[in-house]
Asks: 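Have a look at this one.
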Protein chains: 2
Amino acid sequence: MANPDEAGTNEAAEKPIPAKEVTMKEVAAHAGVALSSVSRVLNDHSDVSESMRKQVLDAIEAVGYEPNLLASSLRRGSTMTVGFIANDISNPLFAEIAMGAERRLNEAGYSMVLTNSEGSPERDEAMIRLLRWRRIDGLILSVADEERAGTLAELAKLSEPVVLIDRQVRGADEASAVLSDHANGMRAAIDHLLDLGHRRVALISGRPGLRPVRERLSGFKAAFRARGLDLPEDLLKLDSFSATFGQQATHELLAADDPPTAIVAGGNLLLTGVLRALQAAGRTVGADISLVSCDDVPLTELHSPPITVIDRDAVQMGEAAAELLLKLLAGGEGPLVTEIPTSLIRRASTQPGPAG
Amino acid sequence: MANPDEAGTNEAAEKPIPAKEVTMKEVAAHAGVALSSVSRVLNDHSDVSESMRKQVLDAIEAVGYEPNLLASSLRRGSTMTVGFIANDISNPLFAEIAMGAERRLNEAGYSMVLTNSEGSPERDEAMIRLLRWRRIDGLILSVADEERAGTLAELAKLSEPVVLIDRQVRGADEASAVLSDHANGMRAAIDHLLDLGHRRVALISGRPGLRPVRERLSGFKAAFRARGLDLPEDLLKLDSFSATFGQQATHELLAADDPPTAIVAGGNLLLTGVLRALQAAGRTVGADISLVSCDDVPLTELHSPPITVIDRDAVQMGEAAAELLLKLLAGGEGPLVTEIPTSLIRRASTQPGPAG
DNA sequence: TGTGTTACTGGAAACGTTGCCAATACGCTG
DNA sequence: CAGCGTATTGGCAACGTTTCCAGTAACACA
């Protein structure tokens, strides 16, 4: 199956070949030139004659040489690789961010290695450490816990540039980041619901330890405050982004004495839990209870009725993160921050409430 | 911010430090032992005294040593890293497969680097080559095109073990793979539709060049043949897995002279396109037209009505792929194949047809 | 013919590890 | 006390690159 004209005549591989690696040395020997010349051709340095270039390229072809990036990186001191630690790749949102980042990085000649912390701070730390030991040139990540000392310590040991996605660590100006404007998105959503006459509005989301939750909460509060309305403290369920929590929280909310007339799901996984619970309770979205979710996914658009969402451009976030990192890699100074806007897409899941 | 007792007294870093790497040499010097002893401690070889171990570990702590995996891999000739090339990470199905694989590989001490070919055969090739140059120990992937010579050539150059996901390359017995039993799943789905009285059943999916499509098609045909029914050739739309194709194909099907009474969407992205088209045409799923999709995602469960799907366990697929690869890495022989079952989940999107 | 310049090429020392082999010290037996 | 095994350690050569520094040849010029 191998190309027959590749190995002379008498080199038919009979024995369990020891699979010796073909190195630049072989190329040099075959071309009858020095090792350094081969290197110069491969990295196209200026000082190589046309004849030398051809000679070497032919030899490379002839012996079937393949570069060893490990050796090269070791010598050069740079891997041209950027790490990306996602909280949860199975979340389509993160996948899009990763895609955006990878595309931009590839354009700039970097490659990206994607890993998954599955939302676990321990894995976060382990991944940061591993990537550091691998000598990546930069890192894009969305830590699972902004306050965890271990994670911060691992990050501090990293001398390469870091860009956070939707996270903020102590002392706002310490780290570069791409941040989405959750506060204004939420503010718009709550204003919309209040306009419709809702007053009992519930918010289900993760722990306020994470920036997106803090921001959403602040937008939520701002909207109530602006109208002089009391905050429905009992309707804040802030504990996790998981579908199961969404389901449980919704179940509890519906069973309460004074249940909400509108629910905001702060996370696209949460939404599936919320919908399951509403369905189980026999409530019809829109008619019985209004619903807003975060991030536009197929489910929100195709649900009956379609679900109002606070949207943002995930691919753009990834691109922006890559852009910042590239600036830092090029020697750019200080913490850089890009803010990504959010926008409210009104759909039929939000209907006039009791006072509307 | 750095630990103050870390650098003697007079080493306060004032200047733009050249960021010299702390190596085993520094550790050895600080501990007053040989380089090789440090290495022995780090790889916990048997022949190290307790005192030596402590001495070295203390020195490591003191100088803040961090292993260089590049150097280590170069020397050892093994990276303990497995590559994973996904067709499309933003497809939640692939994300789950990747998660399953990574989990299993990590248990075995390997780490996984995930990359994304975005369904492009060119990127496929480029990624295989890059990973090969990086000297990965093994590869899990789902090639974008089973027949493309370039991809096969790149794979052939790889001397490390490979496991395919739901793909089959020429000569069934040439490559290890995890294959899902699409044929039986589709057979069950079509039997279900035929039982309900449907005869005009459409299938929308990717190109038959890919195994999942071939298998689904074969299950589709088998079901019709088994009842002596003619195959509705005009209802086969096999060109792409994208949402836009799903939408377009559905549009065309609905506009035809003798439109289908049931549609099978062969791919979870396709489904969103199909639903958009049905919605645009004002058809109600279940009542007006029956619908079956492949792979259970939140949308299928939470749609109104819920959508009948041919399901399979994606995480299990990933685990199985890792399992096979680990066997091969341990010296296991020959191509290994694991078959993953599919099952039909009946929901309200499939209703009795005209003849039912 | 000698000198300087240009344009290339070769040699060798790194990069940070690991693993082989030889060296050392120790304790014990005969 | 010689001899020998055992347990531990040190030294050194790799792994496959890149890059600096000399060296060489060709050539033009005086």
Side-chain angles (χ1 to χ4, degrees), chain A residues 18-57 59-60 63-81 130 132-137 159-160, chain B residues 18-57 59-60 63-81 130 132-137 159-160:
Chain A
K20 188 79 177 80
E21 189 153 2
V22 179
T23 74
M24 285 173 42
K25 201 154 80 181
E26 272 71 51
V27 176
H30 190 275
V33 303
L35 202 53
S36 43
S37 297
V38 179
S39 173
R40 271 188 293 258
V41 169
L42 284 169
N43 299 283
D44 39 45
H45 275 259
S46 46
D47 292 343
V48 281
S49 67
E50 218 24 74
S51 69
M52 169 65 85
R53 161 166 283 108
K54 178 163 174 10
Q55 213 173 339
V56 168
L57 291 178
I60 286 176
V63 303
Y65 167 74
E66 303 240 298
N68 184 327
L69 259 35
L70 291 176
S72 170
S73 297
L74 173 60
R75 179 56 233 244
R76 263 204 252 260
S78 140
T79 52
M80 292 305 282
T81 298
L130 181 65
R132 186 153 34 82
W133 289 1
R134 283 250 180 89
R135 298 301 191 267
I136 49 160
D137 290 346
S159 49
E160 282 71 29
Chain B
K20 188 80 177 81
E21 189 152 5
V22 179
T23 74
M24 285 174 44
K25 203 154 79 181
E26 272 70 53
V27 176
H30 190 275
V33 303
L35 201 55
S36 44
S37 296
V38 179
S39 171
R40 269 186 296 258
V41 170
L42 283 169
N43 299 284
D44 39 44
H45 274 257
S46 47
D47 292 344
V48 280
S49 68
E50 218 24 72
S51 69
M52 170 66 85
R53 161 167 284 108
K54 180 163 173 8
Q55 213 173 339
V56 169
L57 291 179
I60 286 176
V63 302
Y65 168 74
E66 302 239 300
N68 185 325
L69 260 34
L70 291 175
S72 170
S73 297
L74 174 61
R75 178 58 232 246
R76 265 203 252 259
S78 140
T79 52
M80 292 306 281
T81 298
L130 181 65
R132 186 151 36 80
W133 290 0
R134 284 252 179 88
R135 299 300 191 269
I136 49 160
D137 290 346
S159 48
E160 281 70 29

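Atoms considered below: every heavy atom in the structure, side chains included; atoms not considered: hydrogens, waters and symmetry mates.
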Asks: Please state how far atom CD in Q55(A) lies from atom C1' in dC8(C), giving the value in whole angstrom units.
Replies: 13 Å

Asks: How would you list, by chain and number, every residue that makes a side-chain contact (heavy atoms from CB on, under 4.5 Å) with R135(B), sequence neighbours excluded?
Replies: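 side-chain contact (heavy atoms from CB on, under 4.5 Å) check on R135(B) returns E21(A), N68(A), L70(A), T79(B).
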
Asks: Output the distance between atom OG (S49(B)) and atom CD (Q55(B)), rounded to the nearest 0.5 Å.
Replies: 7.5 Å

Asks: Passes side-chain contact (heavy atoms from CB on, under 4.5 Å), V41(A) versus L57(A)? Steps please.
Replies: CA-CA 8 Å; V41(A) 169; L57(A) 291 178; 4.0 Å; yes

Asks: Going by the rule salt bridge (Lys or Arg N to Asp or Glu O under 4.0 Å), which residues pair with R76(A) if we only count those two or more places apart in sequence or in a different chain?
Replies: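 Applying salt bridge (Lys or Arg N to Asp or Glu O under 4.0 Å) to R76(A) gives none.
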
Asks: Can you tell me which residue pairs pass the salt bridge (charged side-chain N to carboxylate O under 4.0 Å, His left out) test with a partner in residues 32-53 of chain B, sequence neighbours excluded?
Replies: E50(B)-R53(B)

Asks: Produce a footprint string for nucleotides 10-23 of chain C: one letter per nucleotide, 5' end first; B if the base is under 4.0 Å from any protein heavy atom, S if only the sugar-phosphate is, - if neither.
Replies: BB-BBBBBBBB---

Asks: Note the angle between the end axes of the helix from dT1(C)-dA30(D) to dG30(C)-dC1(D), five pairs defining each, rounded to 10 degrees.
Replies: 70°

Asks: How would you give the extent of chain B contacts on DNA chain D, as first and last nucleotide 5' to 3' within a 4.0 Å heavy-atom cut-off?
Replies: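 Contact span on the strand: dT8(D) to dG16(D).
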
Asks: Is there a donor-acceptor contact under 3.5 Å from the side chain of D137(B) to the main chain of S78(B)?
Replies: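 No, the answer is negative, given that no donor and acceptor are paired below the 3.5 Å cut-off.
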
Asks: Show the atom names and distances, to 0.1 Å, of all donor-acceptor pairs under 3.5 Å that link a side chain in residues 25-36 of chain B to residues at least two apart or in another chain.
Replies:
| unit_1 | atom_1 | unit_2 | atom_2 | d |
| --- | --- | --- | --- | --- |
| E26(B) | OE1 | T23(B) | N | 2.8 |
| E26(B) | OE1 | T23(B) | OG1 | 2.8 |

Asks: Can you tabulate the close N/O pairs, meaning under 3.5 Å, that link protein atoms to atoms of nucleotides 25-28 of chain C?
Replies:
none

Asks: Determine whether I136(A) and E160(A) satisfy the following criterion, side-chain contact (heavy atoms from CB on, under 4.5 Å), listing intermediate values before the conclusion.
Replies: CA-CA 8 Å; I136(A) 49 160; E160(A) 282 71 29; 5.8 Å; no

Asks: Quick check: closest heavy atoms across L42(B) and Y65(B), and the distance to 0.1 Å?
Replies: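 The answer is CD1-CE2, 3.7 Å.
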
Asks: side-chain contact (heavy atoms from CB on, under 4.5 Å) with L69(B): which residues, sequence neighbours excluded?
Replies: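 With sequence neighbours excluded, L69(B) shows a side-chain contact (heavy atoms from CB on, under 4.5 Å) to L130(A), W133(A), R134(A), P67(B), given in chain and number order.
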
